[in-house]
Amino acid sequence: MTGQLIVGLDVSSRARAEEIVSLLGDSVDFYKIGYQCFYGADGYALGRDLLKAGKKVFFDLKLLDIDNTVEKGVAAIAETGATMLTVHAYPKTMQAAAKAAKGSDLCVLGVTVLTSMDDADVKDAGYARDAAGLVALRAQQARDAGIGGVVTSPHEAEMVRTILGHKMFIVTPGIRPAGTALGDQKRVMAPGEALALGATHLVVGRPIIAAPDPKAAALGILNEMNSGTRLA
């Protein structure tokens, strides 16, 4: 289960990111570097150093631009040896990313609908679908584009698995261990439940990095992943 847990290094300093990695030790071998860390903590260099240290890195950059720019950006990340990279789940963007990643070990993930968004938020964004309907559409488009998987709420994981089949990854943020606050997340689930419904990887940030003992928190989540513990 260790390789299925991705810890989000959502911090603004390189020193704090390295402290978290040190505290977690061998309990975690996969780290997500998103906007805060990438721009505030020299996350690109940090990612390269983590890769040199034998860790796996997920650059959560949600790329969206003209095809050529996406291709160049994806190719640059592929050269680092990173395991995963996110792009927005728009058909042309995913197609460009798939082209750039071809022949490398980089898994491109299409971000469907953010876990902080619910049906009302999707409607406000101009879509004539509910959140689940938009996730289904994006999952189909990701499959057709030939990328490695999608990022989606665990609430849509079971549905998405039926669309993607069993070869593509489903990475789920919005994971909250039993007894933790939801924060700004709206579509959340406990670790074991998400895996049972088809998720392949779980992204967990604050419940681990903000815990008094990050390693104990990570081990607790790994235990929940094994036991199938549900949110109360």
Side-chain angles (χ1 to χ4, degrees), residues 1-10 14 17 21 28-39 41-115 135 138-152 157 160-161 163-173 175 195 198-205:
M1 289 290 181
T2 302
Q4 292 178 278
L5 174 62
I6 304 173
V7 173
L9 292 175
D10 300 322
R14 173 79 181 253
V21 173
V28 173
D29 64 6
F30 207 161
Y31 290 94
K32 177 182 78 74
I33 293 177
Y35 291 163
Q36 184 180 3
C37 185
F38 192 84
Y39 295 114
D42 196 13
Y44 182 75
L46 172 64
R48 292 179 71 101
D49 288 345
L50 287 173
L51 289 163
K52 290 177 183 177
K55 302 294 186 180
K56 291 184 285 187
V57 173
F58 167 17
F59 283 109
D60 184 17
L61 302 181
K62 302 179 180 70
L63 301 183
L64 177 62
D65 213 306
I66 63 172
D67 294 357
N68 182 66
T69 300
V70 170
E71 282 186 38
K72 299 300 185 184
V74 173
I77 294 296
E79 288 180 1
T80 68
T83 300
M84 291 178 174
L85 169 70
T86 50
V87 301
H88 277 276
Y90 289 18
K92 290 189 69 177
T93 299
M94 292 187 290
Q95 291 161 15
K99 179 181 177 181
K102 188 174 181 179
S104 75
D105 293 327
L106 179 66
C107 173
V108 174
L109 303 169
V111 178
T112 57
V113 176
L114 301 177
T115 52
V135 169
R138 296 305 192 208
Q140 293 166 10
Q141 293 168 333
R143 179 197 63 203
D144 295 344
I147 63 172
V150 300
V151 178
T152 188
V160 169
R161 179 55 67 202
I163 296 169
L164 300 184
H166 295 284
K167 293 183 178 180
M168 296 175 69
F169 290 135
I170 298 176
V171 178
T172 57
I175 299 299
L195 291 174
T200 57
H201 297 78
L202 310 183
V203 178
V204 184

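The basis for the numbers below is simple: all heavy atoms, side chains too, and nothing from hydrogens, waters or symmetry mates.
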Identify the two heavy atoms, one from Ala82 and one from Phe59, that lie closest to each other, and give their separation to 0.1 Å.
CB-CD1, 3.7 Å
Would you say the side chain of Leu202 lies within less than 4.5 Å of the side chain of Leu195, judging by non-hydrogen atoms?
yes
Would you say Thr83's side chain and Lys56's backbone share a donor-acceptor pair under 3.5 angstrom?
no
Report yes if some heavy atom in the side chain of Val171 is under 4.5 Å from a heavy atom in the side chain of Val150; otherwise report no.
no
Electrostatic pair Asp42:Arg48 at N-O distance under 4.0 angstrom
no
For Ala157 and Ala199, which heavy atoms make the closest approach, and how far apart are they?
CB-N, 4.2 Å
So, do Tyr31 and Ile6 sit near enough that their side-chain heavy atoms are less than 4.5 Å apart?
no
Approximate separation, where rounding is to 0.5 Å, of Leu109 CG and Thr152 OG1:
11.5 Å
Hey, are the side chains of Val70 and Leu64 touching, using non-hydrogen atoms and a 4.5 Å cut-off?
no
Nearest heavy-atom approach of Ile147 to Gly110 is CD1-N, 3.4 Å
Are there over 12 heavy-atom neighbours, none belonging to Lys99, within less than 6.0 Å of that residue's NZ?
no
CD of Glu71 to NZ of Lys102, rounded to nearest 0.5 Å, is 12.0 Å
Applying side-chain contact (heavy atoms from CB on, under 4.5 Å), run through Leu9 and Leu50 and close with a yes or a no.
CA-CA 12 Å; Leu9 292 175; Leu50 287 173; 4.1 Å; yes
Is the closest side-chain heavy-atom distance between Val160 and Val135 below 4.5 Å?
yes
Using a 4.5 Å cut-off on heavy atoms from C-beta on, say whether the side chain of Asp60 contacts that of Phe38.
no
Student check: side-chain heavy atoms of Phe58 and Val203 closer than 4.5 Å
yes
Shortest non-hydrogen contact from Thr80 toward Ile77
OG1-O, 2.6 Å
For the residue pair Lys62 and Tyr35, would you count it as a cation-pi contact if the rule is NZ or CZ under 6.0 angstrom from the ring centre and within 45 degrees of the ring axis?
yes
Those residues at least two apart in sequence (or on a different chain) that pass ring pair (Phe, Tyr, Trp, His ring centres under 6.0 Å) with Tyr44 are none
Donor-acceptor contact present, side-chain Arg14 to main-chain Ala41, <3.5 Å:
no
Are there over 12 heavy-atom neighbours, none belonging to Asn68, within less than 6.0 Å of that residue's CG?
yes
Give the intermediate values and the outcome of side-chain contact (heavy atoms from CB on, under 4.5 Å) for residues Met84 and Phe30.
CA-CA 10 Å; Met84 291 178 174; Phe30 207 161; 3.9 Å; yes
Just checking, any donor-acceptor pair under 3.5 angstrom between side chains of Gln141 and Arg138?
yes
Minimum-distance pair of heavy atoms, taken over all atoms of Ala97 and Val108:
CB-CG1, 3.7 Å
Under the side-chain contact (heavy atoms from CB on, under 4.5 Å) criterion, do Thr112 and Val151 qualify, and how do the steps go?
CA-CA 6 Å; Thr112 57; Val151 178; 5.7 Å; no
Distance in Å, Lys72 NZ paired with Ile66 CD1, rounded so as to fall on 0.5 Å steps:
11.0 Å
Does a salt bridge link Lys32 with Asp10, judged by any charged N lying under 4.0 Å from a carboxylate O?
yes
For Gly149 and Cys107, which heavy atoms make the closest approach, and how far apart are they?
N-SG, 4.4 Å
Is any side-chain heavy atom of His201 closer than 4.5 Å to one of Phe169?
yes
Run the side-chain contact (heavy atoms from CB on, under 4.5 Å) check on Val74 and Leu85 step by step: do they pass?
CA-CA 8 Å; Val74 173; Leu85 169 70; 3.8 Å; yes
Within the side chain of Thr93, is there an N or O that forms a donor-acceptor pair under 3.5 Å with the backbone of His88?
no
